[in-house]
Amino acid sequence: MPAFANIVILTGAGLSAESGVATFRDKGGIWAKYDYRDVATPEGFAKNPKLVHEFYNMRRRAHADVKPNAAHLALARLERDYPGNVTIVTQNVDALHEQAGSTKLIHMHGEIFGALCDTCRARRHWTEDLSLDLACPTCGHKGGMRPDVVWFGEMPYHMARIAGLLAAADLFISIGTSGNVYPAAGFVAEAAANGARTVELNLEPSEGISLFSEAIHGPATQVVPAYVDRLIAEAAG
Ligand code: OAD
């Protein structure tokens, strides 16, 4: 296999599962316990902002102690050691890629350690609980501070930049995502249409399995380091 000039990696909740972060659609996942319409839509926030704040405050606190696993570390190693551009587009709101050392990283669904003002749209790093009592430090408006997380019905961040990356990709790797949520679920078709080789690394076949040229199924902490080793060895040899 030749070295790939541009690798784009899409990651999802399965990548962080072995760090102790809950996934969404697995048995006992987040959407088995909560209705996404209540806690992950602008309408849910307008109807019951207190419930939405409680949900994300709980998740933010749960994220405070988690650590990157072997799969996050392997992807950081790929960026460092691979003789080509490696960019991660993550659907995950955790900070585990950056903690592992990845620097070319796009958080398309926002960040749990971020706050967004509904009024002036200012975004800032935020590690504390959010509540209706807070005023925005930028515009001073009170009550509109919300998690900087993309909700259903909202446009993910950096879509133009991602489209450019997918157009230039010669290898697209999807890791730990069920392929249920668009636009991310459509990236594999976009990359394939542009001529990229497409690979899925996931615990089980995803919704989009037929669109991948290759699939390796197993826990991320096993299959991702092994695949990264293979890419680096093939590029070297
Ligand atoms: P899902 O919960 O839908 O899917 C997680 C995937 O990871 C599943 O296909 C699992 O089989 C797989 N998986 C679980 N454990 C794994 C492990 N140890 N190793 C490898 N794979 C594993 O999560 P996402 O696809 O990331 O968006 O969900 C996409 C979006 O839906 C999220 O970003 C979030 C959610 O609603 C918003 O909230 C807007």
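Atoms within a ligand are numbered from 1 in the order they appear, just like the ligands themselves.
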So, does G29 sit close enough to ligand 1 that a heavy atom of it is under 4.0 Å from the ligand?
-> no
So is there a nitrogen or oxygen of L15 less than 3.5 Å from a nitrogen or oxygen in ligand 1?
-> no
Minimum-distance protein heavy atom relative to atom 6 (C) of ligand 1 = G176 O, 3.5 Å
Please state which protein non-hydrogen atom is closest to atom 23 (O) of ligand 1 and give its distance, to 0.1 Å?
-> A13 CB, 3.5 Å
Got the closest protein heavy atom to atom 28 (O) of ligand 1, with its distance?
-> R25 NH1, 3.2 Å
Does ligand 1 have an atom that lies less than 4.0 angstrom from a heavy atom of N180?
-> no
Can you tell me the protein heavy atom closest to atom 27 (O) of ligand 1 and the distance?
-> H109 ND1, 3.6 Å
Is there a donor-acceptor pair under 3.5 Å between the side chain of E18 and the backbone N or O of T221?
-> yes
Under 4.0 Å, heavy atoms only, figure out whether ligand 1 is touched by the backbone of A220, its side chain, both or neither.
-> both
Is T41 reaching over with its side chain to a backbone N or O of G44, donor-acceptor style, under 3.5 angstrom?
-> yes
Main-chain N/O of D170 paired to N6 side chain as donor or acceptor, under 3.5 Å | no
What is the nearest protein non-hydrogen atom to atom 21 (N) of ligand 1, stated with its residue, atom name and distance?
-> L203 N, 3.2 Å
Heavy-atom distance under 4.5 Å between the side chains of V93 and Y56, does that happen here?
-> no
Enumerated ligand 1 atoms positioned under 4.0 Å from heavy atoms of E204 = 11 (O)
Note: ligand 1 atoms sitting under 4.0 Å from heavy atoms of V150 are 39 (C)
Please identify which atoms of ligand 1 are closer than 4.0 Å to at least one heavy atom of E18.
-> 17 (C), 18 (N), 19 (N)
Which residue owns the protein heavy atom closest to atom 30 (C) of ligand 1, what's the atom, and how far is it?
-> V181 CG2, 3.7 Å
Side-chain donor/acceptor of H109 to backbone N/O of V149, under 3.5 Å | no
R37, CZ: over 12 other non-hydrogen atoms inside 6.0 angstrom = no
Within a reach of under 6.0 Å around CD of E154, are more than 12 heavy atoms found that belong to other residues, nucleotides or ligands?
-> yes
So, Y34 side chain and A40 main chain: donor-acceptor pair closer than 3.5 Å or not?
-> no
If we ignore angles and hydrogens, is there a donor and acceptor under 3.5 Å between the side chains of H63 and E111?
-> no
Measure the distance from atom 29 (C) of ligand 1 to every protein heavy atom, then report the residue, atom name and distance (to 0.1 Å) of the closest one.
-> Q91 OE1, 3.3 Å
Distance to 0.1 Å, residue and atom name: give those for the protein heavy atom nearest to atom 9 (O) of ligand 1.
-> N202 ND2, 2.9 Å
Any atoms of ligand 1 less than 4.0 Å from a non-hydrogen atom of G12? List them with their elements.
-> 26 (O)
Ignoring hydrogens and angles, tell me if any N or O in the side chain of H53 forms a donor-acceptor pair with the backbone of M145 under 3.5 Å.
-> yes
Mark the output for W31 as yes if a heavy-atom distance to ligand 1 is under 4.0 Å, and as no if none is.
-> yes
Taking the non-hydrogen atoms of P219, is any one of them nearer than 4.0 angstrom to ligand 1?
-> yes
Between E190 (side chain) and A163 (backbone), is there a donor-acceptor pair under 3.5 Å?
-> no
Heavy-atom distance under 4.5 Å between the side chains of E214 and R197, does that happen here?
-> yes
Run the numbers for me: atoms of ligand 1, each under 4.0 Å from some heavy atom of F152, listed by number.
-> 36 (O)
Sub-4.0 Å heavy-atom approach of G218 to ligand 1 = yes
